There are 2 protein chains.
Amino acid sequence: MKPMIPSETAATAVAEPASGREDVSLHDEILTRLRDHIVEGNIPDGGRVPERQLCEMLGISRTPLREALKVLASEGLVELLPNRGARVRQLSAQDLGELFDIMGGLEGLAGRLACENITDTEIAEIERLHYEMYGFYLHRDMHGYFRVNQLIHQKIVEASRNAALQSTYANLAGRLRRVRYSANFARKRERWGEAMREHETILDALRRRAGSELSDILFVHLRNKRTAAVEHLKVVEPAASEPA
Amino acid sequence: MKPMIPSETAATAVAEPASGREDVSLHDEILTRLRDHIVEGNIPDGGRVPERQLCEMLGISRTPLREALKVLASEGLVELLPNRGARVRQLSAQDLGELFDIMGGLEGLAGRLACENITDTEIAEIERLHYEMYGFYLHRDMHGYFRVNQLIHQKIVEASRNAALQSTYANLAGRLRRVRYSANFARKRERWGEAMREHETILDALRRRAGSELSDILFVHLRNKRTAAVEHLKVVEPAASEPA
DNA sequence: CCACGCATTTTTGCATTCAATTTCTTTGGT
DNA sequence: ACCAAAGAAATTGAATGCAAAAATGCGTGG
């Protein structure tokens with residue numbers, strides 16, 4: 001059976017790049033799709049990544065898929081076992097803590113740089129998001145809160161005007177997002193109010209463009225997130241070593 | 001001509017993995033060797049990466065080489081032009097500045113974490129290196145100074161006890177190292193004394209395990225390095241857009 | 001003399017193929 | 001009935017083949 005049948009199998013799977021930017025190579029397309037597939041938790045923690053099956057799903061041969069897998073391995077999303085293929089990487093509580101720490105460092109940096117570069121318009125936009133988030137907080141809408149929360153952090157990183165920082169941040173955020181998807185990640189209620197208060201100080205420091213101060217606040221903010229997340233993971237997966 | 005001739009061409013190129021750890025796959029071997037090849041500046045800035053030639057040099061087929069290239073592209077060392085192969089990535093002054101900023105953020109983070117985790121023995125080791133470096137400074141031995149300098153920063157990152165941070169740091173450091181190799185990077189004399197004084201304060205903060213303070217010092221230290229480096233690059237390559 | 005167009009050569013991207021290793025299944029022994 | 005070993009099937013890692021795109025060389029016309 002030929003894997004390239006543009007009319008049916010492949011067409012639905014590959015999806016037309018027509019409307020978006022079309023200068024992206026097939027490799028990038030595959031890489032993005034496979035990464036999303038894994039980040040969204042379609043493959044269980046520690047589960048094998050079935051090459052053949054994915055090839056059919058994506059309508060491609062193994063060569064570009066394997067290239068994508070190597071990249072995802074270098075990104076830390078999967079691990080490559082010699083002669084035994086790829087497995088989606090299972091994050092231990094320690095791994096999770098490490099990632100949150102780096103996120104804290106990078107967000108702290110982003111905040112510091114943002115204070116040097118951010119425009120009044122951008123601050124106004126973040127203010128708007130902040131109060132929108134506050135609304136979600138008051139209405140106890142956790143889903144909406146999270147969405148806007150991530151958006152705010154995203155905006156701060158963007159305001160850093162540092163493309164390399166943004167891509168590094170995106171990579172780590174992806175790994176964490178996968179954990180969020182697989183272990184359903186509900187933040188504790190008592191932590192919520194605290195986080196909201198921290199965001200007040202974040203906005204305040206940003207308004208005053210107090211870079212060093214904002215850096216510290218963001219780091220501590222992430223450090224607190226970290227504690228909550230690690231605690232949660234320990235509860236969800238107490239012995240997360242080798243479930244095989 | 002068959003590319004796999006273990007007796008002559010390949011044997012000298014591939015080098016025996018016998019003595020070292022032998023659980024590394026061929027892919028990792030190729031990846032490391034190709035990365036080193038590029039980081040060490042064997043291919044000029046913006047130059048094409050000749051697949052066929054490298055395949056012969058490494059004694060492999062194109063498949064694993066191309067896999068390695070995709071990974072190096074995701075690491076930011078090369079860029080992949082659709083249908084036009086890989087080129088080693090030319091860093092603009094802005095790129096360089098961005099990288100130094102992230103290094104500053106990560107080192108600041110590393111310093112903060114190191115203060116939470118570092119042992120007295122490790123501090124003593126860094127003290128030793130510091131004074132060794134001071135000796136090189138007094139003797140105006142720039143080469144030795146740089147070597148020990150990098151070692152000190154390395155030790156701080158290691159003391160953070162954060163593997164993910166270390167690998168991210170290593171990636172960025174590799175990109176910068178390439179710049180150091182290609183543009184021959186001599187630090188200005190007047191900056192040297194300043195850097196040495198900054199290192200005094202770094203050591204002091206580390207001794208006191210003053211995490212937040214060390215974080216700021218390291219960031220500013222890198223920020224100053226950044227300024228010097230960007231200035232230098234602007235002098236060396238004033239119009240570094242497209243030399244082709 | 002230089003610019004442009006066309007054919008040739010090279011290079012790239014991906015599919016396919018093949019050997020080697022692993023994993024599954026079945027068979028035989030206790 | 002259970003475990004071990006041998007064989008079969010599947011999976012992986014890497015080489016090779018092939019079509020399409022780009023780079024190169026060459027001839028022609030201005």
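It should be emphasised that the depicted structure is a prediction, and the values quoted were computed from it without experimental measurement. Naming convention: chains lettered A, B, ... in sequence-line order (proteins, then strands); numbering from 1 in each chain.
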Are there any protein N/O atoms within less than 3.5 Å of an N/O atom in nucleotides 5-10 of chain C, and if so, which ones and at what distance?
none

Study note, to complete from the structure: In whole angstroms, the gap separating P of D/dA14 from CG of B/Leu31 amounts to 12 Å
**Study point:** N/O (side chain, A/Thr63) to phosphate O (OP1/OP2, C/dC14) under 4.0 Å
**Key:** no
Review point. Would A/Glu116 and B/Arg223 pass as an ion pair if we require N to O under 4.0 Å?
Key: yes
Practice item. Classify the nucleic acid contact of B/Ile30 as base, sugar-phosphate or nothing, counting any heavy atom under 4.0 Å across all strands shown. Key: nothing
**Study point:** Sequence neighbours excluded, every pair satisfying salt bridge (charged side-chain N to carboxylate O under 4.0 Å, His left out) that has a member inside residues 147-174 of chain B
**Key:** B/Glu122-B/Arg161
Exercise for review: Take atom CD of B/Glu79 and atom C1' of C/dT12, then tell me their distance rounded to the nearest Å.
Suggested key: 17 Å
Exercise for review: Could you tell me the separation between the CD atom of A/Glu29 and the C1' atom of C/dG13, rounded to a whole number of Å?
Suggested key: 15 Å
Point to revise | Modelled atom types, side-chain donor and acceptor of B/Glu98 and B/Gln94, under 3.5 Å | key: yes
**Study point:** Ion pair A/Arg175/A/Asp95, N-O distance below 4.0 Å
**Key:** no
Revision key, fill the gap. B/Arg62 CZ to C/dC14 P, in whole Å, measures 11 Å
Revision key, fill the gap. Rounded to whole Å, CG of B/Leu81 lies from C1' of C/dT11 at a distance of 14 Å
**Study point:** Side-chain ion pair, A/Arg89 and A/Asp45, N-O less than 4.0 Å
**Key:** no
Exercise for review: Write down the distance between CZ (B/Arg52) and C1' (C/dG13), rounded to a whole number of angstrom.
Suggested key: 13 Å
Exercise for review: Output yes when B/Glu231 and B/Lys225 qualify as a salt bridge under the 4.0 Å nitrogen-oxygen rule, no when they do not.
Suggested key: no
Interface polar pairs with nucleotides 22-24 of chain D, N/O, under 3.5 angstrom:
{"unit_1": "D/dA23", "atom_1": "OP1", "unit_2": "B/Arg84", "atom_2": "NE", "d": "2.7"}
{"unit_1": "D/dA23", "atom_1": "OP1", "unit_2": "B/Arg84", "atom_2": "NH2", "d": "3.0"}

Exercise for review: Answer with base, sugar-phosphate or nothing: what part of the nucleic acid does A/Leu80 contact at a heavy-atom distance below 4.0 Å?
Suggested key: nothing
Check your understanding: What's the shortest heavy-atom distance between A/Ala68 and A/Ile30, and which atoms?
Key -> CB-CG2, 4.1 Å
Check your understanding: Hey, is B/Glu40 close enough to B/Arg177 for a salt bridge, meaning N to O under 4.0 Å?
Key -> no
Mind listing the side-chain donor-acceptor pairs of residues 77-85 of chain B below 3.5 Å, one per line with the distance, residues two or more places apart or on another chain?
none

Exercise for review: Give me the residues of residues 64-74 of chain A where at least one heavy atom lies under 4.0 Å from an atom of DNA chain C, by number, or none.
Suggested key: A/Pro64
Point to revise | Pair listing, ring pair (Phe, Tyr, Trp, His ring centres under 6.0 Å) test, anchored in residues 153-177 of chain B, at least two apart | key: B/His153-B/His199, B/His153-B/His221
Check your understanding: Distance from A/Leu54 atom CG to A/Ile60 atom CD1, nearest 0.5 Å?
Key -> 8.5 Å
**Study point:** Nearest-Å distance for atom pair CD/P, residues A/Glu51 and C/dT16
**Key:** 15 Å
